[in-house]
Visitor: 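Dropping a structure here in structure tokens format, bear with me for questions.
In what follows, chains carry the letters A, B, and so on, assigned in the order in which the sequence lines appear, proteins first and then strands, with residues in each chain numbered from 1. Please read all numbers here as calculations on a predicted model, not as lab measurements.
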Protein chains: 2
Amino acid sequence: MRLSKTSEYALRIFSFMINDDKQVFSAKYLVNNLNIPEKYLRNLLTKLTKFNLIKSIKGRDGGFVFAKNADKITLADIVDAVEGMDKYEKCILGFDYCDEERPCALHHRWHPLKQQILDFLNNTTVADLKDKEGNLRF
Amino acid sequence: MRLSKTSEYALRIFSFMINDDKQVFSAKYLVNNLNIPEKYLRNLLTKLTKFNLIKSIKGRDGGFVFAKNADKITLADIVDAVEGMDKYEKCILGFDYCDEERPCALHHRWHPLKQQILDFLNNTTVADLKDKEGNLRF
DNA sequence: TTTAATTTCTATTTTGAAGTGGAATTTTGT
DNA sequence: ACAAAATTCCACTTCAAAATAGAAATTAAA
């Protein structure tokens, strides 16, 4: 699979946050811990805020926190916010009309696999990213 | 999934060729039947020729034919030629080191699914794109 | 041998994602 | 009130994919 780089970044933000003890994550702290260009990360955080996935706390000692419980934020929510999920739902050959009745040449083979991918993105939550074994690296 | 647009184009070329009775496919004929910008398609055909997936026949009444038997051309071969397969093999969070011993937070959940996708691309051939039921559209 | 139908080559333009820069705004601790 | 620490906003640059342009080269039919 190929998520956009921005989606990768966004997922890494959540993955880091859920596995760190901090309560509030300043942009600076995230910059220091994730390997993402500073300005780009700041813009991305603002974007995620607008989509109500994280909440910003302004001013001194401010930062970002989850906007809702981690088990209510799915990977699809995150991908949808930063690049849109539509790309992942479309026909693999790029046809507009591809479905069971008018399938493209790959539809029958690809569709079940695509469905698994979508289920994965829709059903996996940020809570699931929590490290159980203590061997993750960032 | 999200193949690059160029990969979509390339797959559509093969999908069309395997389902059409013609022996030799001129660029013009392909332009008329596939919905791909003319110049871009021509360049792409040249590229696929260089990767030995199709063969070009120059001159009058020339065109393109499969360079080998359709069941010897996999989807992965095609994707690899036009955009490279590496993107699809990498860690979903974009880490360099992600494996069983040093997994990212998604590795255990994502890896089996990624493997299925790679198997799909590696094991599906152009011959498999041949329409059995006569209900495909291009 | 001419000519028409092709592919091939080299270069440029456009577009959108990714990345950068700097000033403005908000809030809190002192 | 002030200053520090933070987010936010607007504009710009860079890079690679996608798309376009035109001339050159090749071949076979007539």
Visitor: Given D:dT8, is OP1 or OP2 found less than 4.0 Å from the side-chain N or O atoms of A:Ser56?
Guide: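 So the side chain of A:Ser56 is within the cut-off, an N or O lying under 4.0 Å from OP1 or OP2 of D:dT8.
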
Visitor: Categorize B:Lys39 for me: base, sugar-phosphate, or nothing, with a 4.0 angstrom heavy-atom threshold over every strand shown.
Guide: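 Base, at least one base atom sits under 4.0 Å.
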
Visitor: By nearest atom, which of the nucleotides C:dA18, C:dA5, D:dT8 is closest to the A:Thr49 side chain?
Guide: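 So the side chain of A:Thr49 is nearest to D:dT8.
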
Visitor: Specify the separation, in whole Å, of atom OH of B:Tyr40 and atom P of D:dA17.
Guide: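 After rounding, the gap between these two atoms is 9 Å.
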
Visitor: I want to check one thing: is the phosphate of C:dA17, taken as OP1 and OP2, less than 4.0 Å away from some side-chain N or O of A:Ser4?
Guide: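 The answer is no; no side-chain N or O of A:Ser4 sits under 4.0 Å from OP1 or OP2.
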
Visitor: How many whole angstroms separate atom CZ of B:Phe25 from atom C1' of C:dT6?
Guide: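 Nearest whole value for this atom pair: 16 Å.
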
Visitor: CZ of A:Phe64 versus P of D:dA6: gap in Å, rounded?
Guide: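 Interatomic distance, CZ of A:Phe64 to P of D:dA6: 11 Å.
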
Visitor: Check every strand shown and say whether B:Lys50 touches a base, only sugar-phosphate, or nothing at a heavy-atom separation below 4.0 Å.
Guide: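 Sugar-phosphate only.
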
Visitor: For the residue pair A:Tyr29 and A:Phe16, categorise the inter-ring angle as parallel (less than 30°), tilted (30 to 60°) or perpendicular (more than 60°).
Guide: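 Rings of A:Tyr29 and A:Phe16: tilted, 30 to 60°.
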
Visitor: Separation of B:Leu3 atom CG from D:dA18 atom C1', in whole Å?
Guide: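 Those two atoms, CG and C1', are 16 Å apart.
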
Visitor: Return the 5'-most residue of the pair A:Ser7, A:Asp61 with respect to DNA chain C, ranking by each residue's nearest nucleotide.
Guide: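 Closest to the 5' end, via its nearest nucleotide, is A:Ser7.
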
Visitor: Rounded to whole Å, please give me the gap between NZ in B:Lys55 and P in D:dT27.
Guide: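 Roughly 14 Å, once rounded to whole Å.
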
Visitor: Any donor-acceptor pair under 3.5 Å linking the side chain of B:Arg12 with the backbone of B:Asn35?
Guide: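 Looks like yes, one N/O pair under 3.5 Å.
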
Visitor: Taking NZ from B:Lys28 and P from C:dA4, how many angstroms apart are they, rounded to a whole number?
Guide: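 Rounded to whole Å, this separation is 13 Å.
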
Visitor: Just compare D:dT7, D:dA18, C:dT7 and give me whichever is closest to any side-chain atom of A:Ala27.
Guide: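 Closest nucleotide to the A:Ala27 side chain: D:dT7.
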
Visitor: Side chain of A:Pro37, heavy atoms from C-beta onward: which of D:dA28, C:dG19, D:dT20 has the nearest atom to it?
Guide: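 The answer is C:dG19.
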
Visitor: Could you go step by step and tell me if A:Thr49 and A:Lys55 meet the side chain to side chain contact (heavy atoms under 4.5 Å, CB included) rule?
Guide: CA-CA 5 Å; A:Thr49 301; A:Lys55 232 179 341 187; 5.9 Å; no

Visitor: Indicate, yes or no, whether a donor-acceptor pair under 3.5 Å links the base of C:dT20 to the side chain of A:Asn43.
Guide: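 In this structure, the two groups form a donor-acceptor pair.
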
Visitor: Any side-chain N or O of B:Tyr9 under 4.0 Å from OP1/OP2 of D:dA18?
Guide: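 Negative; the distance criterion is not met.
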
Visitor: When you get a sec, tell me which of D:dT7, C:dT28, D:dA29 is the closest nucleotide to the side chain of A:Arg60?
Guide: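 The closest nucleotide is C:dT28.
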
Visitor: Scan B:Tyr29 against the nucleic acid and name what it touches under 4.0 Å (heavy atoms): base, sugar-phosphate only, or nothing.
Guide: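 Nothing, no nucleic acid heavy atom in range.
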
Visitor: Measure from CG on B:Leu44 to P on D:dA19 and round the result to the nearest Å.
Guide: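 After rounding, the gap between these two atoms is 11 Å.
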
Visitor: Between A:Lys90 and B:Glu8, is the closest basic N to carboxylate O distance under 4.0 Å?
Guide: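 No, this pair does not count.
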
Visitor: Is the shortest side-chain N/O distance from A:Arg42 to OP1 or OP2 of D:dT7 below 4.0 Å?
Guide: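 Answer is yes, contact under 4.0 Å.
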
Visitor: Cluster question for you: counting only ILVMFWY and a side-chain heavy-atom cut-off of under 4.5 Å, with indirect links fine, are A:Phe66 and A:Phe51 together?
Guide: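 They do share one cluster, since a chain of ILVMFWY contacts under 4.5 Å joins A:Phe66 to A:Phe51.
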
Visitor: Hydrophobic clusters here meaning ILVMFWY residues chained together by side-chain heavy-atom distances under 4.5 Å, can you tell me if A:Leu113 and A:Leu106 are in one?
Guide: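 The answer is yes; both residues are in one hydrophobic cluster.
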
Visitor: Can you tell me how far C1' of C:dG16 sits from CZ of B:Arg2, to the nearest Å?
Guide: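 Spelled out: CZ on B:Arg2 to C1' on C:dG16 is 12 Å.
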
Visitor: On DNA chain C, check which nucleotide each of A:Lys5 and B:Leu45 is closest to and give me the residue with the more 5' one.
Guide: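 Checking each residue's closest nucleotide, the 5'-ward one belongs to B:Leu45.
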
Visitor: Any side-chain N or O of B:Lys58 under 4.0 Å from OP1/OP2 of C:dA5?
Guide: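 False: B:Lys58 side-chain N/O out of range (4.0 Å or more) of C:dA5 OP1/OP2.
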
